[in-house]
Every structure is written in C-alpha cells, then in structure tokens.
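So the structure is just underneath, and the comments pick up after that.
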Protein chains: 4
Amino acid sequence: MTKEDQMIEEMFNQKGDLTERQKKIVAAAIESFAEKGYSATSTKEIAQKAGVAEGTIFRHYKTKKELLMSIVTPMMIKLMAPIIIKDINKVLNHDHETFEAFVRAMIDNRRKFLKSNLKIIKIFIQEIPFHPELKEQFIEHVGSKVFTRLRQIIEHYQDKGQIIKLPIDTVLRLTGSTIIGYFVTRYALLPNADWDDEAEVDLTIQFLMKGLAPEE
Amino acid sequence: MTKEDQMIEEMFNQKGDLTERQKKIVAAAIESFAEKGYSATSTKEIAQKAGVAEGTIFRHYKTKKELLMSIVTPMMIKLMAPIIIKDINKVLNHDHETFEAFVRAMIDNRRKFLKSNLKIIKIFIQEIPFHPELKEQFIEHVGSKVFTRLRQIIEHYQDKGQIIKLPIDTVLRLTGSTIIGYFVTRYALLPNADWDDEAEVDLTIQFLMKGLAPEE
Amino acid sequence: MTKEDQMIEEMFNQKGDLTERQKKIVAAAIESFAEKGYSATSTKEIAQKAGVAEGTIFRHYKTKKELLMSIVTPMMIKLMAPIIIKDINKVLNHDHETFEAFVRAMIDNRRKFLKSNLKIIKIFIQEIPFHPELKEQFIEHVGSKVFTRLRQIIEHYQDKGQIIKLPIDTVLRLTGSTIIGYFVTRYALLPNADWDDEAEVDLTIQFLMKGLAPEE
Amino acid sequence: MTKEDQMIEEMFNQKGDLTERQKKIVAAAIESFAEKGYSATSTKEIAQKAGVAEGTIFRHYKTKKELLMSIVTPMMIKLMAPIIIKDINKVLNHDHETFEAFVRAMIDNRRKFLKSNLKIIKIFIQEIPFHPELKEQFIEHVGSKVFTRLRQIIEHYQDKGQIIKLPIDTVLRLTGSTIIGYFVTRYALLPNADWDDEAEVDLTIQFLMKGLAPEE
DNA sequence: AATGAATGAGTGTTCATTCAT
DNA sequence: AATGAATGAACACTCATTCAT
C-alpha cells in the first residue's frame, strides 16, 4: 500500500482537491479493482477497505464508474504526457543524438512512472475493452497524438540514416513490442524473478538496434 | 458467428460429449464473456442468447465458473499442444533446419488457431489475473512444459550457431515479444487495418533474425 | 382481507393467468399501497406480507411500478366498462324510461363494484396525480369514452324534457358531484357511520331530480 | 411561483417568525410535495430547489414530517377559520338573510383562499390518509368545530323555512358535494377549461336551491 | 445560523443457484 | 433432460438525519 499511497499523493495532490477520505477511497478502489477487476468489486467492499461508509463513496463519485474513471483517466494522461508534451526540437535534435539514446531515455523515464502506477495501469488495460467511453477517451485525448508523435520521431531517425527504412508503422510496432514486451515480462509476468535490470535493458536495446540497423 | 461456430464444432466435438444445447450455451457464453467480461455477464443473459432456460446451464455446468473453465481450459491446451507434443528430434533436426524456418512455421501454424479462437483467447487473457486456479492450471499443465521445451529449442539453435548466445530466457522474451506483439497488433489492436500479412511477417522475421544474429 | 381476496378472485381469475403466488403478491401490494401509499411502500414489505421472497415479485413484475399498473389498470377499465359497453339504444330507450331510473340503476350497479374494489380505487385516486402515464392511460382508454357517452345520455334525457336544458357539462358536473359525493362520504369519509343506504339514496336522487327539474 | 410566494408571504409572515431562508425552504417543499408527493420527495431535492444546504432544513424543522406539518397545519386552520370564527349572530342574522346568500358568500370568500393555496390544499388532501396525526389534528382542531357550526347554520335556515327539512347531515352532504364538486372540477380536474365562473356559480347555486327547496 | 461531509439503514432490482414439475 | 418459478443474498445507489466546522 505504501507505494500506492505514494503515487496517489504525487498524482492527485497536485490536483490538490482530494480530501483525506477521498484518498482512502481511491486507494481502496485501486487495490480492489486491480485484485478482482472492476465489475467483481463491490462498493461495499471498497468502503470497508477504505474505512468509510458506503454513502461516502457516492458523495464524492456519482457512480461506481465515475470512480473508475477518476482513477484511470489522469493516469492515462500522465503516462503519455512526456511523449506528447516535450518540445519537438528538443527531443529530436538536442536531447538525443541517436535513436538508441532516445529509446534508452524513454525506458528509463517511463520505468519510474510504471513502477509506481502498476496497479492503475493494470486496471486500465483490464477495463479498456469493456468501456467504450474509456477507449474513445484514450484515443481522442492521448492515443492519436502519441502515435502521430512517435511516427515523426521514427521518421526523423530514419532520415538521419540510423534505422532501417521499413514502413514507419512496422518500425513502431517492432519497437513497441520489444519495449512493452520487456516491461510486461518485468513487471507483470515475472515481477519476482531475479532481474538485473541494467543488463536486461542493455540486451534489449542491443537487440532492437541490431534488428532495426539500416541495410549496408 | 460462423467462424466461432466452426471452431466450437472442431474443438468440442472431438471430445464428442457436447449436446446441441450445450454447444449453444458455450457459444453464447463465449460471445458474452468476450464482449462484457466474465463477471459482468449474467447467466440469464447467456441463457437468453443461447435460447435455453436458465436452469439448463446449471444442469451441464455446476457453476458459472465451471462454464468459464470448460471454455478456457481446452483452448489453453490446444494452443500450446503443438509446441509440447511434437517429437523432440523431429522438430529440432528434421522439421526445421534453421531458427528462421522454425519461427515461420510456428507463426503460420498458430495463426490459424488464433484466428478461430480469438474470442476464447481474449477471455482467457482477461480472466487469468482474477482466477488463481486458472493461473495454476495454466502453469502446471501447459506453461512449464512449454517453457522448458522452448528453452531446449532455443539452446539447440544457439548451439548450431544460428542465434546469438544471450541468456536463454532473454532470447525467449525477445522472440516472444516480437511474435506476440505482431499477433496482438494484428488481431486485437488493429484488426481492421489494411494488412499485407505475408509482407508483415517477412519483415517481422527479418527483424528478429537480425536482432538475434550471432556476433561475428 | 376476505373481501379483498374475493375481489381479486373475481377480477383476476377471469383473466385466468395469475398464479397462486402472484395473487398473494397482488393482495399484499393492494393492502400496503392503500395503507401507506405507493412510494412509501417497499417491495420488501410487500414480499413479507405476501409470504414470498423479494425476488419473486420481480419475476412477475419487471418493476414496482408495473405491479402498481397491473393492479390499477384493469380496475379502471372494469369500473368504467358498464358505461361504455352497453348498447346505446338499450340504455337510453329500453333500459331506463326516466333519468331518475338511469341514475338509480347506475348507483346500484356501481355500488357493488365500488364496495369490493374500494382499496384499489383509493390507490388509483391517490396515485393518478403522480404518474402521468396513468393519467394518459385513463383518459385515452376510458375517460374520453365515458364522458362522450355520458354527454349523449344527458342530452337524450334533456331532449325528452326530463331534465333542465343547462349546458351539458354543467349537468354532468352537478350529477357527478352529487353521486360521487355520496359515495365518497359513504365509503371513504364516514364508512363507519350508521347508514340507511336505501333512504340516503332516495334523498340524494330526490335532491338531484328537483335540482335538475326542467323550468315550468 | 409568484402566486405561491405571495400566499406564503401572507400566510407565514403573519406568524412573523419565518426567515428568508425558511421561506425558500417552505416554497420549495410545497412545489415538490405537490408535484411528486410527500414521500417521493427527498430533502436533498427540496434543499437544492430552495438553494440552501441540506442541513439547513433540519436546523429549522426537526424532521421532514415536521416540515410537512408546518406547511399543512396553518393552511388547514386558515381554510376553516372563517366558518368557525365569525361571530355567530353576525353570520346568521345580519350577514346573510337567505341560505342562498350565505352559500354565495361562502363560495366567493373561500375561492380566493383556495386559488392562492391550491398546492397546499392538494398536499393536505393527498397526505391526510397516510398520517393519522394529521387526521386527528384536523378533526380535533378544525373538523368537529366546523361541522358543529355548519349544522347550526343549516338548522337555522331550515327553521326559517328556506330549505327542506331533511336530516341535517344529509343537507350538509348534498350542499358540500355540490360546492366542493364545483371547486374540484374548476381548480383540480379541468383548471384549463374555458370557465365563465360567474355563470357557473349561478347555475350551481340555482341547482342547489332548487334541490333543497322546501316541499310546498 | 448555515454548511455540507458523513453516516448506515434502506431502496428497487439483479444475481447465481436450486428444485419441483 | 429441460424447464422456469422461486429464492435470499448481494448489488449500486439514495435516504433522512447528524454534527464538526
């Protein structure tokens, strides 16, 4: 719970409008949603875990779904923000001379966020197929921008001759699969294995670079 | 529904013990579980969709969960079977001279299964985090054997000098990420995009082989 | 309860599609709705009084409101039916030579119905202001026909020179007020007073006839 | 709302102890109780409509029922007051020479009150069957006195030979039915019809007088 | 005086499951 | 085997009321 609490502190107190009780409700909801899934979690259970009356939940969130959304939406934005927001020139020209450096930076940066938002991300991925509004919201507010952005970045490094000139979406898919595959294995499938993260990332990036190396 | 029906025919009639009514129940359950998730689906709904009485479901399956299991367990076994069953020597020595040929064969072979079991696989992946028995069953009966087997195979091709001598589990992860990443993108994320499957698989395998190529 | 049961028997068994349990539910609902009002009556209470499980109510009636409607709608129709249905010539020419005879017949006939449907009528009157559908249904299916019919009848006796030629709606209102006023006093306001019904009706009709007597 | 506000002003400011906020609460409660009934109206709804906090209602009225009573009780008294209070000799001997004049005065006088208290009267009639205290209060404080009084008045005009010597309660009932029947039709059933009030009252009184005319 | 957060019992309704037919 | 009526616990949500601020 400590890690989760920390993340709630960070994420929601910035917004500054969560009361002590609300934080407890949100923390309890995250715990339960992640453990048993949104629709198998009862509001009674959340209330008990949070140590509040059931009615209190509904004072702050009109419906159970609104509670879910209030947890998942800001995370979704924060997860993708760094990719969208960063000044384009900075990212491409100044920040990272090579594609490898860019990928490494991205892994390092997102790893922290991921580690502290593990449960919320899990909830998000679990529930997105069942809530069309969530999907639409994701695509509208984040998804499309992120993909546009990532395509620009890949094109940039292709133009610089650092990576192979395959179709951009294919490069995107291969890169995404490799990185996300690492994170999923690391934090969801085998979180308790004995990981040497530094080495593992090195190998992963090395694999990716070789795989995407331009033809001679 | 035709595709789903076909698959049900194939899969369950082998077992030979499914009545006409049971097939309808199973088909309805697959449809609903995939669409709204296991716990958000009511047995009433399944009964209606299947055109049977509510009681009929419980005549064939003691509980709702048993119905879920009866859908998901055999699929899980069939999905993994080809990897486990095949005679070891055959696979390694005779069937596929190269790692590339092996990967290509695997993709081709599993693609058919995947396409016709899409919904069940979706259900399986959605529900596995919430049903410990399912997870245990998977690991015990399938997972561990599959992994042992895949490690042997990778070692074999490493020994033949066809792929780089990274830690076996790392190779496994990278290969898995690349292939599963392709399938997920192809069939779950963007099933309606305009895919040239042959070309896409060629590029994917080419990426994988370059990425895993032994050092010179 | 005996009287109520009787009436339920009569009214609903004709339709023949009420199970024993449904009858109990309906009887309990009538009792409670009449006593505390529709919205102050809980389904739990109805279930307990009926000696069934709460769920059973909802097997037969999709909502609490549907239960209310199923009680009130057929009564409304049966209450008004005799006025609408009767063959027009019969009523006007053959059945009743005088307006007095018509009024007396109406009082006698509707008294029986009223006595055995007292509670349901009470519920109907109590709830009609709060359920627009009920009001519309009443007007559409019964009200308008009844009024058209009653106007014809009054006109008929006016033409025969038996009652004064005031505006028809005024005659209707005065007649209605007098008769309904009697019934309300008799059965709702002072049901326990010491009534000599025959004498009281005689006086009431005598008052009505004098009041509506044509000018000389 | 203007009309309602006016009436509240009139009625409650006499008591002089209603704050601005209380008036808003009372006005909102009247609106809602009349529209949806007492028990279907929530205190939250009243608070919102009144523009005050939920707690504020309970600062002024211990319970929701007390709020109802505070609305309905003074109206009940004011409605009946003129009949009770007026100096007996004045009414009978000086004010109105004839029964007809008395009835006409009563209709004129009470019409104003009725028009501006329509909603409260509606609430009173709707709720009286469900609140025994209300009924008792009505009978004790108003009802019995009013009836005693009205009986005296009728007896007086009977003695003067102006109306028929039927049993007093029967005369009372017939007179009441006729007058109340007019008001109910005029203000509750068909308030939007095209009424010529003066003519209608004339006809109604004419009917009543003929109906109650002494035998020759 | 006024607020509105907090309460927990209560609401109508749905649930998975049982069982007589 | 199949039905669908019956169950009562559980559901998300609302209620009148309290109380610290």
Side-chain angles (χ1 to χ4, degrees), chain A residues 19-22 24-25 38-48 50-67, chain B residues 19-22 24-25 38-48 50-67, chain C residues 19-22 24-25 38-48 50-67, chain D residues 19-22 24-25 38-48 50-67:
Chain A
T19 66
E20 210 56 47
R21 261 183 172 85
Q22 245 172 309
K24 278 200 257 165
I25 291 169
Y38 167 76
S39 85
T41 299
S42 74
T43 50
K44 188 181 184 183
E45 193 191 330
I46 295 171
Q48 278 167 350
V52 303
E54 222 179 325
T56 305
I57 294 175
F58 291 94
R59 171 156 298 279
H60 295 289
Y61 305 92
K62 265 202 290 290
T63 61
K64 188 184 160 194
K65 193 157 199 169
E66 198 181 292
L67 172 56
Chain B
T19 68
E20 210 55 47
R21 261 185 172 83
Q22 245 172 310
K24 278 200 253 163
I25 291 169
Y38 167 77
S39 85
T41 298
S42 72
T43 50
K44 187 184 183 183
E45 195 191 329
I46 294 170
Q48 278 170 350
V52 304
E54 263 192 274
T56 307
I57 293 176
F58 291 91
R59 178 152 300 281
H60 295 288
Y61 306 92
K62 263 204 293 288
T63 63
K64 187 182 160 195
K65 193 155 200 172
E66 197 182 292
L67 172 57
Chain C
T19 67
E20 211 55 47
R21 262 186 172 84
Q22 245 171 312
K24 279 199 257 166
I25 290 169
Y38 168 77
S39 85
T41 300
S42 74
T43 50
K44 188 181 184 182
E45 194 190 329
I46 295 170
Q48 277 167 352
V52 304
E54 224 179 322
T56 306
I57 294 176
F58 291 93
R59 170 156 298 279
H60 294 289
Y61 306 92
K62 265 202 291 288
T63 61
K64 189 185 162 193
K65 192 156 200 171
E66 199 182 289
L67 173 57
Chain D
T19 67
E20 211 55 47
R21 263 186 170 84
Q22 244 172 310
K24 279 199 254 166
I25 290 169
Y38 167 76
S39 85
T41 298
S42 72
T43 50
K44 185 184 183 183
E45 195 191 328
I46 295 170
Q48 278 169 350
V52 304
E54 263 193 273
T56 307
I57 294 177
F58 291 92
R59 176 153 301 280
H60 295 289
Y61 307 93
K62 263 205 292 289
T63 63
K64 188 184 161 193
K65 192 156 201 170
E66 198 182 291
L67 172 57

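Throughout, protein chains are lettered first and strands after them, A, B, ... in sequence-line order, and every chain is numbered starting at 1. Here the structure is a predicted model, which is why all the values come from computation and not from measurement. All values below come from the heavy atoms of this structure, side chains included, with hydrogens, waters and symmetry mates left out.
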Looking at R59(A) and E54(D), what are the two nearest heavy atoms and their distance?
NH2-OE1, 4.3 Å
Which heavy-atom pair separates K64(B) from T41(B) by the least distance, and what is that distance?
NZ-O, 2.8 Å
Please report, rounded to the nearest Å, how far the P atom of dG8(F) is from the CD1 atom of I46(C).
17 Å
Expressed in angstrom and rounded to an integer, what is the separation of Q48(C) atom CD from dG8(F) atom C1'?
12 Å
Nucleotide dA1(E), atom P - distance to CD of E54(D) in whole Å
19 Å
Rounded to the nearest angstrom, tell me the gap between atom CD in E45(A) and atom C1' in dA9(F).
15 Å
Pick the nucleotide of DNA chain F nearest each of K64(A) and T56(B); which residue has the one closer to the 5' end?
T56(B)
Mind checking T43(B) for me? I need base, sugar-phosphate or nothing, with any heavy atom below 4.0 Å counting as a touch.
base
Within the structure shown, what part of the strands sits under 4.0 Å from T63(C) by heavy-atom distance: base, sugar-phosphate, or nothing?
sugar-phosphate
Figure out the CD/P separation between E66(D) and dT18(F), and round it to whole Å.
11 Å
Could you tell me the separation between the NE2 atom of H60(C) and the P atom of dG12(E), rounded to a whole number of Å?
18 Å
Rounded to the nearest angstrom, tell me the gap between atom CD1 in I25(C) and atom C1' in dA5(F).
11 Å
Of all the choices, dC11(F), dG12(E), dT3(E), which nucleotide is nearest to the side chain of A53(D) once you look at every atom?
dT3(E)
Should L67(D) and I46(D) count as side-chain neighbours, where that means a heavy-atom distance under 4.5 Å?
yes
Determine which nucleotide pairs with dT21(E), using a 3.5 Å limit on both distances of a Watson-Crick or G-U wobble pair.
dA2(F)
How long is the straight-line distance from CD1 of I25(B) back to OH of Y61(B), given to the nearest 0.5 Å?
6.5 Å
Give S39(D) one of three labels, base, sugar-phosphate or nothing, depending on what nucleic acid heavy atoms sit under 4.0 Å from its own.
nothing
Hey, which sits more toward the 5' end of DNA chain E by its nearest nucleotide, G51(D) or R21(A)?
G51(D)
Could you please name the option among dT17(E), dA5(E), dT14(E) that lies closest to any side-chain atom of R59(A)?
dA5(E)
Toward the 5' end of DNA chain E, which comes first, V52(A) or A40(B), by nearest nucleotide?
V52(A)
K65(B) NZ - dC15(E) P separation (whole Å):
18 Å
Could you give me the CA-CA distance, side-chain angles and deciding distance for T63(A) and E66(A), then say whether side-chain contact (heavy atoms from CB on, under 4.5 Å) is met?
CA-CA 5 Å; T63(A) 61; E66(A) 198 181 292; 3.6 Å; yes
